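Some notes on the structure that comes next.
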Protein chains: 4
Amino acid sequence: MRSTDNDRCRATAGRPRCPGKQAAILDATLALLAQQGFARMTLDAVARAAGVSKATIHLRYRTKAALAAAALGGLRTCATPPPAADLHTELAIHLDDFAHALHSNHGMALIGTCLAEEPHTPALLRHFREHAVLPRRAALRATLERARDRGALPACTDPEPLVSALLGAVSADHLAGRAHTPDSARATVRAVLGLCVSDDR
Amino acid sequence: MRSTDNDRCRATAGRPRCPGKQAAILDATLALLAQQGFARMTLDAVARAAGVSKATIHLRYRTKAALAAAALGGLRTCATPPPAADLHTELAIHLDDFAHALHSNHGMALIGTCLAEEPHTPALLRHFREHAVLPRRAALRATLERARDRGALPACTDPEPLVSALLGAVSADHLAGRAHTPDSARATVRAVLGLCVSDDR
Amino acid sequence: MRSTDNDRCRATAGRPRCPGKQAAILDATLALLAQQGFARMTLDAVARAAGVSKATIHLRYRTKAALAAAALGGLRTCATPPPAADLHTELAIHLDDFAHALHSNHGMALIGTCLAEEPHTPALLRHFREHAVLPRRAALRATLERARDRGALPACTDPEPLVSALLGAVSADHLAGRAHTPDSARATVRAVLGLCVSDDR
Amino acid sequence: MRSTDNDRCRATAGRPRCPGKQAAILDATLALLAQQGFARMTLDAVARAAGVSKATIHLRYRTKAALAAAALGGLRTCATPPPAADLHTELAIHLDDFAHALHSNHGMALIGTCLAEEPHTPALLRHFREHAVLPRRAALRATLERARDRGALPACTDPEPLVSALLGAVSADHLAGRAHTPDSARATVRAVLGLCVSDDR
DNA sequence: AATGAATGAGATTTCATTCAT
DNA sequence: GATGAATGAAATCTCATTCAT
C-alpha cells in the first residue's frame, strides 16, 4: 500500500470517477503551468479550461502543488530516436527537437517555473527532471554511446558531459537571446565534437 | 575651483533622500526574488527586509514589476578574468565561478523566475540577460578569443557556440540533478574542447 | 400539475445559496451608499453589515460599482397613489411623501452620490433614475393627468414641467436649507398651480 | 480674533506667501472637486494641477475638507440681473443661466458632491449654499419681487416657493434625464406662473 | 515658505481551500 | 462523485498627512 505522492488522492470505493476528466484536468494544468507559471496559474483557470469545477480538482489533488506535480508527471518526452545518419546530423536532429520543445508551448517558461519554485516546491523540479529531463538525456546518451561503440567517437569518451554540453548549449542560447536555427544546431555540434572528430560515419 | 553659482544651494529642494534606502530596497528585492520567485515575493516582505515602508517602495517604483526589473538591473556580474593558467584550467575556473553563482543565493531559481515570467513580464529576462548573462558570456568569450589568438585553439574557432556549450553544460547539470564539482568542471571542459586540443599553453 | 421532468431533481447543482444573503448584501449596500456615499463606502463595511465575507460579495458582483448599481436597481419607489381628495391636497401628499423619502435614510445624500459619481460611474445615476426618479414622476404625472381629464386643470396643461417644478421645489428647498413642512408643501402647490386654479375638486 | 474656518491656517508673520499660489490651489481644487467629487479628488492631483507641492497645500489648509470648503467659499455666482424684458423672458433667462452653470464644468456633480458629503462633511454644503445657492436664489427672488411690485404678479405672491419651483425644475429635469433647452425653460416658466398670468409686461 | 521624502492606515480584489447539497 | 457557494488570508496599490531640509 504505497502512494506515489501523498497529496494525490486515491479513489478506491464508491462511484467511479468520470474518466475523461482526469486527463482534461492534467492537460489544462500543464498548459497553464507553462503559460503562466505555477504561482500565477489559478485553480479557477484550470477548472474552466478543463470544464470541471474547482472542487472536483481538489477531490483528486489535495493541493495546488500536488496538481502541478501530477501534471508534470504526465509529461511524455517522446524518446524520438532520430533516424540514422552521420553522427553530426543525428545530434543536430536531437538538438532541433529539443529546441522545438523549448519554444513551442512555452517549454522554456515551464523549465523556469520548476527552477523558480524549487526552494518552495521541490516536487515540481523532481517530477520534471524524471519525466522530461532524464528521458531526453538518456536518448541523447544512447546515441553517443552507439557512436562511440562503432568508433565514431574516441573509446574513452565520457558521454554525460557531452550530453550536458549539447543540450545545455541550446538553453544557454535561449537565455542569451540567440535564436535557434538548424544551422546553429550544427554549429553547436561542430563546436562540441571538435574539428578533429570526423564528420562522417 | 568653486561652484559657479552658490555652494550653499542644496542640490535639490525638499527633504533629502534617506541614504542607503535605495540600496537596501534593491538588495532585499533581489534576495527575495531569488528565494521566492517574482510572483511569490511580496512587497510587504521587501519592505520589512529593507526596513522601509511599502509606500516608500511605491514612491520609487510604480509597480512590482518595475521594482524587480530595477533590482535585476543592479546585478553586477564581476567580469572575473581568471588569472592566467593553461586554457583548460582557465575555463574550469570560469565554470566553477558560474556554478558558484548558480548555487549560492538561489541563482538558478533566479534564472528560473526570469524565464517563468517571460510571457508575463519580459522585462525581467531582458534585464537579467543584459546585466548577468551577457557580461558573463563576454568574459568567457574573451578568454576563448585570447586562446585562439595565441594558437591554443584552432584559428577557425567560432567562440559563441563554445560559450553556450560551456556555460550551458553547467546549468544542464543542475537541471539533471548532477552535482557540480571542480572535477566535473574539468570534465566538461575536456569534453567540449575535445581531446585533440592540447591541454597545455 | 407535476414537473415535466423529475421532481427530485434539484433546481441547480452544488451547494444552494444561503437564502437572505443576497437581500442582506443589497440592503446593507444601499444604506451605506446613502450614509457614506459611493467612494467612502467600503466593501468591508458592507460585508460586516450584511454578515457575509467580502469574497461572497465579489462572487455575486464583480466590482464595487456593479454592487452599487445593483443596490440602486433594487429600489422600489412605492407608487403610493394618494387617496382621493381635492387636487391641492393630493399633490401635497405626494410632496410630503417625497420629502419624507429625501430626509429619511439620507435620501438626499443618495441622490447626491449618484450625481457626484456620474462622470465616473454613470451607471449609478442611470439605475437611480430608472428605479426611483421616473417611477415617482410617473405617479405624480398620473395624478395631474387625472386632474386635467376631470377638468380640475386646464385641458392644455403639459404635465411634465409641472412634475419637475413640484418635485424640484422640494429638493431645491433642501438645498437652500429651507425645512420642509406640510405647510410648505401646500405653499409650493399653491405657488405652482397658481391662484387662478380653484382649490376644490 | 475670530477665524472663519478653524482649519484654515493663517499666515501672520515671517516670509509672505507667494500670492498667486493661493488662487491656483483653490481653482484647481474647485475644478477637481466638480470633476471627481470630494472623495475621489486627491491632493496629489490638486498639487499637480496647481503647480505646487502637497506640503504647500497643507501649509494653508490643515485638512482636505478645509481645502474643499475654502474652494467652495471662493465660488462667485454672478448675480446676472437679466436685462429687462417681459417677465416670462426674464425668468427664462435666469433658468437658462442656471442650466448652463449646471452643465458646464460638472456643476450638477458639484452639487451632488456637497449633498453626498453632507453626513460626513457638512461644511461643504454649508459653503456651497452660502456662496452659490443663496445668491442665485436672491437674484431670482429680486426679479419676482420687482414683477410683483409693478403688478405683473399678484400682490399676495410669496416669492420663495416660486424660486424653489423654478430653480428646482431645472435640476429635476437633469435628474430625470430631460435635456434643458431654451424652449423647456419657457415651458417651465409657463407651467409655474400659470396660464392666468399674462405673458406681457 | 516651500518642497521632496516618508509613512500608517486602509481599499479593492484575488485565490486556494472547505462546505453543503 | 460532482458542484456551486462561501470564506480567511493575503497582495498590490493609494492617499492624506507629517518630516527634514
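Protein chains get the first letters and strands the later ones, always in sequence-line order, with residue 1 at the start of each. Since this is a predicted model, take the numbers as computed values, not measurements. Note that these values count all heavy atoms, side chains included, but never hydrogens, waters or copies made by symmetry.
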Task: Stepwise side-chain contact (heavy atoms from CB on, under 4.5 Å) check, D/Leu26 with D/Tyr61 - done: CA-CA 11 Å; D/Leu26 293 183; D/Tyr61 305 98; 3.5 Å; yes
- [ ] Summarise how protein sits on nucleotides 8-13 of chain E as a single string, 5' to 3': B when a protein heavy atom is under 4.0 Å from the base, S for sugar-phosphate-only contact, - for no contact.
- [x] B-BSBB
Open item on the list: Whole angstroms only, please: what is the NE2-P distance between A/His120 and E/dA16?
Closed with: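 Distance check: A/His120 NE2 to E/dA16 P gives 13 Å.
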Open item on the list: Distance check needed: E/dA20 P versus A/Leu59 CG, whole Å only.
Closed with: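 After rounding, the gap between these two atoms is 16 Å.
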- [ ] If F/dC19 has a Watson-Crick or G-U wobble mate with both distances under 3.5 Å, name it; if not, just say none.
- [x]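 WC or wobble partner is E/dG4.
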TODO: Please determine if a side-chain N or O atom of B/Arg60 lies less than 4.0 Å away from the OP1 or OP2 oxygen of E/dA5.
DONE: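 Checking E/dA5 against B/Arg60, no side-chain N or O comes under 4.0 Å of OP1 or OP2.
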Between [atom1] of [X] and [atom2] of [Y], what distance do you get to the nearest 0.5 Å?
X        : Y        : atom1 : atom2 : result
A/Ile25  : A/Leu43  : CD1   : CG    : 10.5 Å
D/Leu115 : D/Leu110 : CG    : CG    : 10.0 Å
A/Thr63  : A/His58  : OG1   : NE2   : 8.0 Å
C/Glu117 : C/Leu33  : CD    : CG    : 8.5 Å
A/Phe128 : A/Leu75  : CZ    : CG    : 6.5 Å
D/Lys64  : D/Thr42  : NZ    : OG1   : 7.5 Å

Open item on the list: Looking at every non-hydrogen atom in both residues, tell me the closest pair between A/Ala65 and A/Leu124 and how far apart they are.
Closed with: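 So the two residues come closest at O-CD2, 4.2 Å.
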TODO: Scan residues 17-31 of chain B against DNA chain E and write down, sorted by residue number, each residue with any heavy atom closer than 4.0 Å; if none is found, say none.
DONE: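 Within this stretch, B/Arg17, B/Cys18, B/Lys21 sit under 4.0 Å of the strand.
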Task: Pairwise 5' ranking along DNA chain E for B/Ile57 and B/Arg15, keeping only the more 5' one - done: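 Looking at the nearest nucleotide for each, B/Arg15 comes out on the 5' side.
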